[in-house]
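These notes concern the structure reproduced below.
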Amino acid sequence: MNRVFNFSAGPSMLPLPVLEKAAAELIVYGDSGMSVMEMSHRSPDYEAIIADAEAMLRKLMNIPDNYKVLFLQGGASTQFAAVPLNLIGRTGKADYVVSGQFSGKAFKEAQKMGYDVVCTATSKEDNFDHIPALTREMFRPDAAYVHICYNNTIYGTKYADIPDTGDIPLVADMSSCILSEPVDVSRFGVIYAGAQKNMAPAGLTIVIVREDLLEYADPKMPTMLEWKTMAENGSMYNTPPCYTIYVAKLVCEWLLSLGGLSEMKKYNEKKAAVLYNYLDSQSYYIAPVKKESRSMMNVTFVTGDAELDKKFAKEAAAAGLKNLKGHRSVGGMRASIYNAMPSEGVDKLVAFMKDFAAANPKA
Ligand SMILES: *Cc1c(COP(=O)(O)O)cnc(C)c1O
């Protein structure tokens, strides 16, 4: 069995020990006599799995008691609609920072519903090569919330600091950086993330929401999008994505066994530094992102020649370094180096980059 280094932005690599444990438990879980895939979500065995998943996530992220943790479906994209539907009732208006494609989609979704939303700042005119500078004064003081995307998966940018929004609840899409490092959850009103980047297979969306923000939902909204209903029902208003939650539990267990998120951060910083240090030491590849906005999870680079970029991705794949082609909207290359990417994968990538540059001189 040959496993490659998979640099996909999502769905992406899962830790090998997690896959091995899931495989060992695939057909019969514990003494239940059945697979987790076959279990009633109301059974004691499953109740224990979802309770453990939540407890471990709370421990890892140090989530304060006045926050609810929800296990939902629909992907981060469904939350683009759920966020305004649940929160706009607070004051009737909301502010968005557009730092890439996903935050742009979130903004458009709120606009589409006819709400009073404004784009406070964007880096669109610079092709999203940095996070726009923000100050508290830029936001409308009576905004119901400020929405940001904390790590921009497609462009490879990340906020260097949590923006200061004063008393306005900050809502963050953390799909591509959740569990990559410790974050101060208390600085956010809501954190949400599609799990398929750094947590679990596709099909699970995590929402972490401060309890006092559960009171503003539009009463006419679809029940399935209402955080309060999901919170009151322990994420089991309907059938939750049972198996994906189980794998998320295994991932949390793995992270705890490694020492938690501060240890993971050190490991991730080291991996990212290997790539960025190489990029900064040469001129064959160009890293388009401004240094202060660099992502630790998604590293983007180009050769400056679209044909060479194509050749790079193709030959890298043949060498066991898969999915390095950049997002279809931006081109170039992107190495997604989430928690599960071993440092060996990054070392191999840099060695490949050196060989490729030597073998393919530019005209
Ligand atoms: C992948 C991604 C999304 C979209 O997630 P889905 O689960 O496919 O809806 C949204 N935001 C960010 C930051 C992402 O990386």
Side-chain angles (χ1 to χ4, degrees), residues 6-14 70-85 96-110 112 119 122-124 128-132 145-159 162-163 170-181 183 188 190-208 222 224-225 227 230 235 240-241 243-245 247-248 251 268 272 289 293-300 323 325-330 334-341:
N6 177 8
F7 292 89
S8 168
S12 37
M13 284 184 88
L14 284 162
L70 310 179
F71 297 98
L72 309 178
Q73 307 199 42
S77 303
T78 297
Q79 294 307 313
F80 297 165
V83 165
L85 283 167
Y96 280 72
V97 180
V98 175
S99 58
Q101 232 179 72
F102 290 115
S103 49
K105 282 184 172 172
F107 175 57
K108 277 210 191 100
E109 192 75 1
K112 184 179 169 186
C119 170
T122 181
S123 45
K124 187 169 198 265
F128 299 120
D129 68 354
H130 66 283
I131 301 291
Y145 62 90
V146 170
H147 181 282
I148 63 165
C149 178
Y150 204 46
N151 184 81
N152 296 279
T153 325
I154 293 172
Y155 298 91
T157 62
K158 180 179 177 257
Y159 282 76
I162 301 171
L170 181 60
V171 176
D173 177 355
M174 290 201 189
S175 296
S176 49
C177 58
I178 193 161
L179 300 180
S180 64
E181 62 180 346
V183 282
F188 297 87
V190 180
I191 292 170
Y192 67 92
Q196 71 274 22
K197 312 284 161 68
N198 205 24
M199 267 193 106
L204 169 65
T205 311
I206 299 287
V207 173
I208 301 166
M224 280 297 292
L225 297 185
W227 297 332
M230 288 298 175
S235 303
Y243 193 76
T244 313
I245 294 169
V247 180
V251 168
N268 286 332
V289 168
S293 295
R294 282 175 169 176
S295 165
M296 187 165 70
M297 295 281 98
N298 312 97
V299 180
T300 50
N323 293 315
K325 192 167 167 275
H327 188 271
R328 58 189 185 279
S329 64
V330 295
R334 170 179 53 179
S336 295
I337 50 173
Y338 300 118
N339 291 349
M341 172 61 67

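Both ligands and their constituent atoms are indexed starting at 1 by order of listing.
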Those atoms of ligand 1 less than 4.0 Å from some heavy atom in [X]:
X: Gly75; result: 7 (O), 9 (O)
X: Thr153; result: 12 (C), 13 (C), 14 (C), 15 (O)
X: Cys149; result: 13 (C)
X: Gln196; result: 5 (O), 6 (P), 7 (O), 8 (O)
X: Asp173; result: 10 (C), 11 (N), 12 (C), 13 (C)

Do me a favour and list the nearest non-hydrogen protein atom to [atom] with residue, atom name and distance?
atom: atom 5 (O) of ligand 1; answer: Ala76 CB, 3.6 Å
atom: atom 1 (C) of ligand 1; answer: Lys197 NZ, 1.5 Å
atom: atom 4 (C) of ligand 1; answer: Phe102 CE2, 3.5 Å
atom: atom 9 (O) of ligand 1; answer: Ser77 OG, 2.6 Å

* **For ligand 1, the portion of Met174 having any non-hydrogen atom under 4.0 Å away** => neither
* Which segment of Ala9 sits under 4.0 Å of ligand 1 when only heavy atoms are counted -> neither
* Between Asn268 and Ser180, does any side-chain donor sit less than 3.5 Å from a side-chain acceptor? -> no
* Asked: Does the side chain of Tyr155 come under 3.5 Å of the side chain of Asn298 through a donor N or O and an acceptor N or O?
  -> no
* Asked: Parallel under 30°, tilted from 30 to 60°, perpendicular over 60°: which one fits the rings of Tyr145 and Tyr96?
  ->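 Perpendicular.
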* To do: For Leu70 and Ile206, run side chain to side chain contact (heavy atoms under 4.5 Å, CB included): C-alpha distance rounded to whole Å, both residues' side-chain angles, the deciding distance at 0.1 Å, then the answer.
  => CA-CA 6 Å; Leu70 310 179; Ile206 299 287; over 6 Å; no
Using atom types as modelled, flag every donor-acceptor pair under 3.5 Å from a side chain in residues 71-84 to any protein atom, sequence neighbours excluded.
residue : atom : partner : partner atom : Å
Gln73   : NE2  : Thr239  : O            : 3.0
Thr78   : OG1  : Gly74   : O            : 2.5
Gln79   : OE1  : Trp227  : NE1          : 3.0

* Cation over ring face, Lys108 and Phe102, 6.0 Å, 45° -> no
* Under a 4.5 Å cut-off applied to non-hydrogen side-chain atoms, are Ile162 and Phe188 in contact? -> yes
* Asked: If only atom types and distance count, is the side chain of Ser123 paired as donor or acceptor with the main-chain N or O of His130 below 3.5 Å?
  ->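 The answer is yes, because a donor-acceptor pair under 3.5 Å joins these two groups.
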